[in-house]
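The structure appears right after this line, and notes come after that.
Proteins come first, then strands; the chains are lettered A, B, ... in the order of their sequence lines, and each starts at number 1. Excluded from the calculations below are hydrogen atoms, water molecules and symmetry mates; all remaining heavy atoms, backbone and side chain alike, are included.
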4 protein chains.
Amino acid sequence: MHKKPDPARRSERSRQAILQAARELVTEVGYAKLSIEAIAARAGVGKQTIYRWWRSKGAVVFDSFLALSEDTQGMALPDTGDIEADLKTVMRATVAEFADPAFEAPIRALNMEIVADPELAAQYRDKLAGPVDEAKKERLRSAQRAGQIAEDADLDLALELLYAPVYQRWLLRTGPLTPEYADALVDAVLRALRP
Amino acid sequence: MHKKPDPARRSERSRQAILQAARELVTEVGYAKLSIEAIAARAGVGKQTIYRWWRSKGAVVFDSFLALSEDTQGMALPDTGDIEADLKTVMRATVAEFADPAFEAPIRALNMEIVADPELAAQYRDKLAGPVDEAKKERLRSAQRAGQIAEDADLDLALELLYAPVYQRWLLRTGPLTPEYADALVDAVLRALRP
Amino acid sequence: MHKKPDPARRSERSRQAILQAARELVTEVGYAKLSIEAIAARAGVGKQTIYRWWRSKGAVVFDSFLALSEDTQGMALPDTGDIEADLKTVMRATVAEFADPAFEAPIRALNMEIVADPELAAQYRDKLAGPVDEAKKERLRSAQRAGQIAEDADLDLALELLYAPVYQRWLLRTGPLTPEYADALVDAVLRALRP
Amino acid sequence: MHKKPDPARRSERSRQAILQAARELVTEVGYAKLSIEAIAARAGVGKQTIYRWWRSKGAVVFDSFLALSEDTQGMALPDTGDIEADLKTVMRATVAEFADPAFEAPIRALNMEIVADPELAAQYRDKLAGPVDEAKKERLRSAQRAGQIAEDADLDLALELLYAPVYQRWLLRTGPLTPEYADALVDAVLRALRP
DNA sequence: AATTAACCGAGACGGTACGTCTGGTCTTTAA
DNA sequence: TTAAAGACCAGACGTACCGTCTCGGTTAATT
């Protein structure tokens, strides 16, 4: 019979050290060359302590990003009343973030994990993407109330039309991520959403 | 000094055996648990023969899919004169293909490779995605000539608006891939492209 | 500072459970594969309780045998007046005991411990071998008084001549342990000890 | 299915390095704390190379001693015509060898292995003990021819009477190993073997 | 009766080593 | 020269135990 570990006895110090080590190593050697052995060594922790609390290397890396963005919660998008200007601001920022080489390696690692592991994908949706998407939809609803977007527009689809092209370009490296691209994207999507 | 292998001397029988073994093993054990060792054993081939001709596990898997779709070349999209109907036909087919569980494992493996390895991504663009995209753009150009789409529309962006949402939904498992979804997507994109 | 445990507070129930578990496990999995972890689990006892009272795995196993043979104390050898007959009786019994496959594993384990650990060897001499050897020497002294053995014979050496060959045969598996062998041994040793 | 390695392809260089490393480490850290991991590291060899050719840690250590004494073969005992003097010379040397603290650790390790593993015990008999015992018996036969030992004496038993007591004293640390002890032993055994 | 100090079961912890698996290189033999 | 075969060095895998530690919960002997 398999006994589950008792979470009450979990060492917070070890947990933090492991997550930090994972974050550091992903940026240093990349996700593919990352080993649990190295994480344990860097964190000054026995390997078993990792295996006790995480299912896989991916779960550790995933949690290390979760922990990072726990303070990103509750943010709201700018609302100047001009949906076009606001969206362009947001999308230009998004595009710039993706283009930042410092985030390249870890975010790509995170995405590989999510693609490969449905369970992590679910966690990602619930804990990271979900709240952010809700904030984005709230801004779009505000635009609906202002009559800038059709009342019957499918906001989930709208979000996908806005973000999926950027995501795909970045993930598959199929094109440059420039501010002009962000603007063109917003223009096109707003045309599709016009009342 | 390192001598490059002479492609003329390459054993076609071994190459085919390796590609087939790779294809079989990807579907059987998944990409993550696939090993060069296992491919060599299944193909009845020395490991060196694999290392001589491919850079990495990913390159072998990638080639094994290339070989499969070599006959998919030169296809053209339907052109009944009604861009909306034609696109809905195509997108419904695309959505159905993605939803097919039989292709799930290998296609996901292929995408993981492309995401992780920029060189394979380039090959993918040139040899697989490129020709298909060109055919799709050709259909859109035909619609432009027919006045169904704005003359100055950015066709690359148009393709991304059509396909990226589907790709993202599938890759991140963020939503169901239904015919209704395909139709809604086409409707939205055509609104964005209207003259 | 390190505080020694207070023997008065020792749980007799735990002690017995540990010794019994050790005995069972030695016969089941052999001494080499025996672990303190397994003993603790089988005995339903915390690991610390073992470490508190014993220095090593060997010490536990050793004690578990000590406990078994605590009732063997105070026995005396047969004395019919005929040293040859008596010794043959005793040596035949000894040989039979060694040949019994049921005792093979645990006794071998005990011997490995004694060979490896001088401190346990000392305990063994004092608590197990010593009394038995004294009884054997007493029988030889009786034979000396009866004039069947030289008065100046070295009885320690005599015991070694009798028992070491049997012990060696058993330990190194260098030959069969038969009643005939026991008789031949007694004959030879008695020739060496003749007045 | 399990494939046996091909001995023809075995690397002699690796074999020697492993045996030497094993010999060094046994004397440095003792048998109990010896690890295959350490042997591989010291020998500059992959662990698999050890597991490929040896069943266990014990087998490696055993072989490392075998290799050492391969040149000890074919030796003969002194034969001055005086069996008592010759035996005392030999037994004093044997006793001195056992008492040498430099050989203590490795020889004890070797014996633990032989005691624990019947297969190694068989190898030990055939390759190490056998030839030496034959040489000893040859000397005794010579004494038989000279009329110093009974013609019908059991020479195997004679050897055991001579060597087992020394072996037991050393193994169980039950007494000192002095030249006087060697002499007393020879005296006693010769009395037992007298014609 | 309340306090208190030790033992107790339990099990997490930092570690070491296990025996296996794979990566990528090198060598041998045959075609 | 290429290929099959497979030994080699290297090192990560996930597991088993080590011996230490901390946690609540008895238990027994003082207060």
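Side-chain N or O atoms of A:K127 include none that pairs as donor or acceptor with a backbone N or O of A:L66 at under 3.5 Å. Between the side chain of D:R10 and the backbone N or O of D:P5 there is no donor-acceptor pair closer than 3.5 Å.
For C:S35, taking side-chain heavy atoms from C-beta onward, the closest of the listed nucleotides E:dA12, F:dA4, F:dC17 is F:dC17. Listed candidates were F:dA10, F:dG14, F:dT20. Nearest to the side chain of A:K47 is F:dG14. Relative to the side chain of D:T49, the nucleotides E:dG14, F:dC8, F:dA3 differ in distance, and F:dC8 lies closest. The A:S14 side chain lies nearest to E:dG14 when the options are F:dA10, F:dA12, E:dG14. Comparing E:dG19, E:dC8, F:dG19 by their nearest atom to the side chain of C:R52 picks out E:dC8. Distance from the side chain of C:W53 is smallest for E:dC8 among the nucleotides E:dC8, E:dG19, F:dC13. For A:S11, whose side chain is taken as the heavy atoms from C-beta onward, the closest listed nucleotide among E:dC13, E:dG19, F:dG19 is E:dC13. Among the nucleotides E:dA17, E:dA12, F:dC13, the one closest to the side chain of A:I36 is F:dC13.
Per the geometry, CG belonging to A:D6 stands 10 Å off P belonging to F:dG24, to the nearest Å. Protein atom CH2 of C:W54 is 14 Å distant from nucleotide atom P of E:dC7, rounded to whole Å. The CG atom of B:L25 sits 14 Å away from the C1' atom of E:dT22 (whole-angstrom rounding). Across the protein-nucleic acid pair, C:R42 atom CZ and F:dC17 atom C1' stand 17 Å apart, rounded to whole Å. Distance NZ (A:K33) to P (F:dG11): 12 Å, rounded to an integer number of Å. D:R15 places its CZ atom 12 Å from the P atom of F:dC8, with the value rounded to the nearest Å. Between D:Q16 atom CD and F:dC8 atom P there is a gap of 13 Å when expressed in whole angstrom units. One interatomic measurement links the two molecules: OH of A:Y51 to C1' of E:dT16, which rounds to 15 Å at whole-angstrom precision.
In A:Y31, the OH atom is crowded: over 12 heavy atoms of neighbouring residues, nucleotides or ligands sit closer than 6.0 Å.
For the residue pair A:Q16/A:Q20, the side-chain donor-acceptor check at 3.5 Å is not satisfied.
In terms of heavy-atom proximity, A:A21 sits nearest to A:R42 at CB-CG, 3.3 Å. Nearest heavy-atom pair, B:R108 versus B:L171, reported as atom, atom and distance to 0.1 Å: NH1-O, 2.9 Å.
Among the atoms of the strands shown, only primed sugar atoms or phosphate atoms (P, OP1, OP2) are found under 4.0 Å from some heavy atom of D:R10.
Closest-nucleotide positions on DNA chain E for A:A43 and D:E37 were compared, and the one nearer the 5' end corresponds to A:A43. With DNA chain E read from its 5' end, the first of the two nearest nucleotides for A:E12 and C:G46 is the one closest to C:G46. In terms of position along DNA chain F, the nucleotide closest to B:V45 lies nearer the 5' end than the nucleotide closest to the other residue of the pair C:A38 and B:V45.
The base of E:dC21 lies close enough to the side chain of D:Q48 for a donor and an acceptor atom to sit less than 3.5 Å apart.
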